[in-house]
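Start at 1 with the first residue, then count along the sequence.
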Amino acid sequence: MPRPPRQRRPRKHGRRSAQSARLPHDGSYKHLFSHPEMVEGLLRDFVQEDWLTLIDFTTLEKQGGSYVTDDLREREDDIIWRVQVAGDWMYVYLLLEFQSRVDPWMAVRVMVYTGLLYQDLIKSGAIVEGARLPPVFPLVLYNGAGRWTAARDIADLIAPLPDALAKYRPQQRYHLIDEGRIGKETLDQADSVTAELVRLETLAKDGPAALRPILHRLTVRLQGARYDSLRRALTVWFVRVLLRRLMPGENLPEIHDLLEVETMLAEYVEEWTEKWKREGKLEGKLEGKLEGKLEGELEGARKGKADALKRLLTRRFGDLPPWASARIEAAAIGQIDTWLDAIFVASTLETLLDSQPPGLRPPAG
């Protein structure tokens, strides 16, 4: 009599709740980072550590990403590559964390997944008895709206132990790339396809027109048969993820190549931009940027004139008392201009700055 199929045990931990928060387009990102060009760009441009100079990127090899524990539960939350560092293999364990919220237990997941990787290497015979396990570089790529706040080392999640037991506390740290918090200087210097992907996601909030220059650069850069697979992956991601985020409910045409995406965007950009304006998505952003720029320029001009006024006053009247410096710092640019015009006719500092608000008047006598 045949044995009935073994049923999977129900999950009892909180990992499922984190999984349920995942966005449905994770597959598009996983497809992208299954290309060596994307992984190399991610490491070169956004992992700024000295040991990267020892990597031979020509040796990048994608590894199987499903590891099966003894209770037959599969885990497929990962993309695993190996690459030679100073002649020895290192494993890059890439977790794409594109959730609506931060997973506070990511350090636990990383530790478990690393253990499963080592277990698989041992079972498969990739590591022989007596040999050392290869180093693993856990890398979490996160593109959620909020700042990443979870602990980055498993040790930080464990209650403090007495000194005698502290040596038994596990330690493992993961490297975090929080897309929304990548510095402008870092992104300006980055030139990989991965960096262009980050720019597309970053500039998407500025409307469809902002994406055209980046898309054109990608179309020119990824010509030739060697990039066929990556172009298709970018096309799928752009249409199924980015455009649906920008234009929800829009009836998008069937597209099969990056050049077709560029052509479509050129054809529809004016119509979509007008739609953004009608919906109030664009005007507020542009007006806010313009207002912020003007405010910054005015504040810069005011501060420059205030500094010039203080230097001139110091030359004429000596070191400025605190009340005078505070008065100048609090003044509008028009008032500062008035003082600059009158600086050489005023007989005293008090005469020039004669309109101090309460609390900033010079002391009597």
Quick one: do Lys184 and Asp188 satisfy salt bridge (charged side-chain N to carboxylate O under 4.0 Å, His left out)? Show the steps, please. CA-CA 6 Å; Lys184 182 179 183 303; Asp188 287 346; 2.7 Å; yes
Provide the closest heavy-atom pair for [X] versus [Y] in the form atom of the first, atom of the second, distance.
{"X": "Val239", "Y": "Arg244", "result": "O-CG, 3.4 Å"}
{"X": "Val85", "Y": "Trp51", "result": "CG1-O, 4.4 Å"}
{"X": "Pro138", "Y": "Gln172", "result": "CG-NE2, 3.9 Å"}
{"X": "Trp89", "Y": "Thr59", "result": "CZ3-O, 3.6 Å"}
{"X": "Ala150", "Y": "Pro104", "result": "CB-CA, 3.8 Å"}
{"X": "Asp191", "Y": "Ala195", "result": "N-CB, 4.4 Å"}

In terms of side-chain geometry, is the basic nitrogen of [X] or [Y] positioned less than 4.0 Å from the acidic oxygen of its partner?
{"X": "Lys123", "Y": "Asp120", "answer": "no"}
{"X": "Glu262", "Y": "Arg212", "answer": "no"}
{"X": "Arg147", "Y": "Asp178", "answer": "no"}
{"X": "Asp257", "Y": "Arg231", "answer": "yes"}
{"X": "Glu329", "Y": "Lys303", "answer": "no"}
{"X": "Arg311", "Y": "Asp307", "answer": "no"}

Are any of the side-chain heavy atoms of [X] and [Y] separated by less than 4.5 Å?
{"X": "Ile127", "Y": "Leu133", "value": "yes"}
{"X": "Gln84", "Y": "Met90", "value": "no"}
{"X": "Arg173", "Y": "Val110", "value": "no"}
{"X": "Arg327", "Y": "Trp339", "value": "yes"}
{"X": "Leu200", "Y": "Phe238", "value": "yes"}
{"X": "Leu197", "Y": "Phe33", "value": "yes"}
{"X": "Ile177", "Y": "Leu42", "value": "yes"}
{"X": "Leu95", "Y": "Tyr113", "value": "yes"}

How are the rings of His175 and Phe137 set to each other: parallel, tilted or perpendicular (split at 30° and 60°)? tilted
Check for me, please, whether [X] and [Y] land in the same ILVMFWY cluster - side-chain distances under 4.5 Å, paths through other members count.
{"X": "Met38", "Y": "Val220", "result": "no"}
{"X": "Leu94", "Y": "Val47", "result": "yes"}
{"X": "Ile255", "Y": "Leu258", "result": "yes"}
{"X": "Leu242", "Y": "Ile214", "result": "yes"}
{"X": "Val102", "Y": "Met106", "result": "yes"}

Do His256 and Thr235 have side-chain atoms, one donor and one acceptor, less than 3.5 Å apart? no
Run the side-chain contact (heavy atoms from CB on, under 4.5 Å) check on Val136 and Tyr118 step by step: do they pass? CA-CA 9 Å; Val136 173; Tyr118 282 145; 3.5 Å; yes
Enclosure of Trp105 CH2 (heavy-atom neighbours >12, cutoff 6.0 Å): no
Crowding at CD, Glu185 (>12 non-hydrogen neighbours, <6.0 Å): no
Separation between [atom1] of [X] and [atom2] of [Y], rounded to the nearest 0.5 Å:
{"X": "Arg232", "Y": "Leu222", "atom1": "CZ", "atom2": "CG", "value": "12.5 Å"}
{"X": "Leu309", "Y": "Ser325", "atom1": "CG", "atom2": "OG", "value": "10.0 Å"}
{"X": "His216", "Y": "Leu265", "atom1": "NE2", "atom2": "CG", "value": "12.5 Å"}
{"X": "Phe57", "Y": "Trp81", "atom1": "CZ", "atom2": "CH2", "value": "12.0 Å"}
{"X": "Leu96", "Y": "Asn143", "atom1": "CG", "atom2": "CG", "value": "9.0 Å"}
{"X": "Leu211", "Y": "Glu201", "atom1": "CG", "atom2": "CD", "value": "10.5 Å"}

Tyr91/Thr114 under side-chain contact (heavy atoms from CB on, under 4.5 Å): CA gap, chis, key distance, verdict: CA-CA 10 Å; Tyr91 285 78; Thr114 302; over 6 Å; no
Quick one: does [X]'s side chain have a donor or acceptor within less than 3.5 Å of a partner on [Y]'s backbone?
{"X": "Arg44", "Y": "Ser192", "answer": "no"}
{"X": "Thr351", "Y": "Ser347", "answer": "no"}
{"X": "Tyr174", "Y": "Met111", "answer": "no"}
{"X": "Arg181", "Y": "Gly146", "answer": "yes"}

Apply side-chain contact (heavy atoms from CB on, under 4.5 Å) to residues Val39 and Thr194 and explain how you reach the verdict. CA-CA 8 Å; Val39 178; Thr194 310; over 6 Å; no
Taking it one step at a time, do Thr202 and Val198 satisfy side-chain contact (heavy atoms from CB on, under 4.5 Å)? CA-CA 6 Å; Thr202 303; Val198 174; 3.9 Å; yes
